[in-house]
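Below is one structure; the comments refer to it alone.
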Amino acid sequence: MASVCVIRTVRELQARADEERGRGRRIALVPTMGALHEGHLSLVKLAHEVADVVVVSLFVNPKQFDDPKDFERYPADLSEDLALCEAHGVDVAFVPDVAELYPDTAASWVEVEALTDGLCGASRPGHFRGVTTVVTKLFHAARPHVAIFGEKDYQQLAVLRRMAQDLAFGIEVIGGPIVREPDGLALSSRNLRLGPRARAQALVIVQALDVAEAAVGEGERDVQRLLDRVSAIVGSADQATIDYVELRDAESLEACAGRLEVPSVLALALHFEADPDGQGESVRLIDNRVLLPRGGA
Ligand code: PAF
């Protein structure tokens, strides 16, 4: 198996991209902040299906953390990430340092309006500006034909699709399905920071999503009743605090009201406290499910 090529500068990555493009090869970019898990690896697998050359970026972007402590605690194990890249046939790992992407002179930001209002945009001020700015830099560095992001960050995916379209990047943005642990919890590098009691309680998230999906399948269309049911389930976890529980139009992300008539995303964000015995730490988890109100009720 060819070994993964580690590139640390934008200039080198652009040169490699131009070379690959010159040979008629299709490039897929999988942007990550490292701490790779099965969720990321499923995106790499998808990348291999749609392109000839797979680039994974490993960069913990300081500009998208509204809480500096969250940034400091973000797990980083480059050698483990590179070993996983190697094992999964990644062609190029892009590992810039902060000064490479944000030189002291940098004064430009990329911002997407409307879609970034509410949900994670409301609870994490500045977060999406950091994401859209870094992804723009990664797009210019890797010059991919296609970029792949996880559907767990549903709002992020919608924002990046809009950005790619509005700014005519000529890059197809693809979403990869959420990968779950065997008990249903969506994979996240943050799961490991939950104490055992909080980890058990975190299953309320998938229970709530399942109940809402089943209710819609059985004909429930009342948005408030659905939200109340979901809130009651997640509210039963005494270590959880609701950041948001919302139903939004799956495409425009506008809030649903009244009756559920169109495909809608049920989006949840919860904070879990450390366990009462001190195990684990405070962790914010997000998850979502697209609900399809097919047929009449
Ligand atoms: O989803 C992530 O891991 C990050 O937000 C991304 C897209 C890699 C940008 O830093």
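No hydrogens, no waters, no symmetry mates; every other heavy atom, side chains included, goes into these values. Both counts, for ligands and for their atoms, begin at 1 and track the order of listing. When a residue number appears, it is its place in the shown sequence, counting from 1.
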Could you walk me through whether F65 and E72 pass the side-chain contact (heavy atoms from CB on, under 4.5 Å) test, one step at a time? CA-CA 10 Å; F65 287 84; E72 281 154 27; over 6 Å; no

Carefully, step by step, assess V95 and L78 under the rule side-chain contact (heavy atoms from CB on, under 4.5 Å). CA-CA 9 Å; V95 192; L78 183 59; 3.9 Å; yes

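Of the protein's non-hydrogen atoms, Q156 NE2, 3.9 Å is the one closest to atom 2 (C) of ligand 1. Regarding atom 3 (O) of ligand 1, its nearest protein heavy-atom neighbour is M33 CG, 3.7 Å.
Pairs engaging residues 168-208 under the ring pair (Phe, Tyr, Trp, His ring centres under 6.0 Å) rule: F139-F169, H140-F169 [sequence neighbours left out].
Some N or O of Q64 is nearer than 3.5 Å to an N or O of ligand 1, by distance alone.
Taking a 6.0 Å sphere around CD of E49, one finds it holds more than 12 heavy atoms contributed by other residues, nucleotides or ligands.
Close approach to V134 involves these atoms of ligand 1, each under 4.0 Å from a residue heavy atom: 9 (C), 10 (O). Less than 4.0 angstrom separates some heavy atom of P31 from each of these atoms of ligand 1: 8 (C).
By the criterion of a heavy-atom distance under 4.0 Å, the backbone of T32, and not its side chain, is placed next to ligand 1.
Using modelled atom types and a 3.5 Å distance limit, the side chains of S79 and D81 yield no donor-acceptor pair.
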